[in-house]
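See structure below.
The residues of the chain are indexed from 1 along the displayed sequence.
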Amino acid sequence: MLADQDVPSGVDIAMQLRRAQLRKQMACETALAEVGVTLPQWGMLYAVAAEPDSSTHALALFIGQSDQSAGAVVARLEQRGLLERRPGVGKAILHRLTAEGEELVRRCDTIVEQVMTQLLDGLPDRSRRALQISLQSIAEAALPT
């Protein structure tokens, strides 16, 4: 429902974000399955590529998962030989992609880019930039203080 003057309510926006996320998730999961990777696994590979030598906790925050879920994904990726873990300061475990992991994340990035290009096809560049800024603002506002 729209409130006065066609300004969407927070509830309306929350539902649209949820619907868009689910549809993006389904499209990416289907495409990534062709190379044997799930969306959470690609997210972790992407995070490790972007932030090598990060702790599991830092990677979990980066991709928006719990520490426990991130740890399970990391363990599966390590078993597949896609990333390496090594001790950090204190109890921290640091992560880095293997050569095979680097190759796979590049393939997955290409797949996700193709999916997103198709999903965003109707949006002009200006709208894409505005969407990115808006989503970043929402993500930052939702961080714990």
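- Cluster membership check: Leu83 does not share its hydrophobic cluster with Ile93, using side-chain heavy-atom separations under 4.5 Å among Ile, Leu, Val, Met, Phe, Trp and Tyr.
- Looking at Leu131 and Leu120, their side chains come closer than 4.5 Å, going by heavy atoms from C-beta outward.
- For Ala70 against Met44, the heavy-atom pair with the smallest separation is CB-CE, 3.6 Å.
- No donor-acceptor pair closer than 3.5 Å links the side chain of Arg85 to the backbone N or O of Glu78.
- Inter-residue side-chain proximity for Val11 and Met15 is flagged as unmet; no heavy-atom pair is nearer than 4.5 Å.
- Closest approach of Arg128 to Thr117, counting heavy atoms only: NH2-O, 4.0 Å.
- Remark: Lys91 NZ to His57 NE2 distance equals 14.0 Å, nearest 0.5 Å.
- At a threshold of 4.5 Å between non-hydrogen side-chain atoms, the residues Pro52 and Leu97 do not count as touching.
- Put simply, CD on Gln25 and OG1 on Thr30 are 10.0 Å apart, with the number rounded to the nearest 0.5 Å.
- The closest side-chain heavy-atom distance from Pro40 to Glu29 is below 4.5 Å.
- A distance of 13.5 Å separates CD in Glu113 from SG in Cys108, rounded to the nearest 0.5 Å.
- In this structure, Gln41 and Arg80 have side chains that are in contact, with non-hydrogen atoms separated by less than 4.5 Å.
- Residues that satisfy the side-chain contact (heavy atoms from CB on, under 4.5 Å) test with Arg23, not counting sequence neighbours, are Arg19, Met26.
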Given Leu39 and Lys24, is the side chain to side chain contact (heavy atoms under 4.5 Å, CB included) satisfied, shown in steps? CA-CA 10 Å; Leu39 192 55; Lys24 184 266 313 171; 3.9 Å; yes
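- Put simply, the side chain of Thr98 gets close to the backbone of Leu82: a donor and an acceptor are under 3.5 Å apart.
- One finds the CZ atom of Arg18 at 4.0 Å from the CG atom of Leu22 (value rounded to the nearest 0.5 Å).
- Checked against side-chain contact (heavy atoms from CB on, under 4.5 Å), Ser134 has no partners two or more places apart in sequence or in another chain.
- Side-chain contact between Leu59 and Val73 is absent, with no heavy atoms from C-beta onward closer than 4.5 Å.
- Cluster membership check: Leu94 does not share its hydrophobic cluster with Ile63, using side-chain heavy-atom separations under 4.5 Å among Ile, Leu, Val, Met, Phe, Trp and Tyr.
- Atom CZ in Arg76 sits 8.5 Å away from atom CD in Gln79 (nearest 0.5 Å).
- What you find for Ala58 and Ser55 is that their closest heavy atoms are N-OG, 3.0 Å.
- In this structure, OG1 on Thr56 lies 12.5 Å from CD on Gln68, to the nearest 0.5 angstrom.
- Considering only heavy atoms from C-beta on, Asp53 comes within 4.5 Å of Arg86 through its side chain.
- The hydrophobic clustering, which links ILVMFWY residues whose side-chain heavy atoms are closer than 4.5 Å, places Phe62 and Val74 together.
- Both Val112 and Leu123 sit in one connected hydrophobic cluster of ILVMFWY residues. Membership requires side-chain heavy atoms under 4.5 Å apart, directly or through other members.
- Residues Ser66 and Ala60 approach most closely at O-CB, 3.8 Å, considering heavy atoms.
- Side chains of Gln136 and Glu140: a donor-acceptor N/O pair is present below 3.5 angstrom, by distance only.
- Looking only at side-chain heavy atoms (C-beta outward), Trp42 and Asp109 come within less than 4.5 Å of each other.
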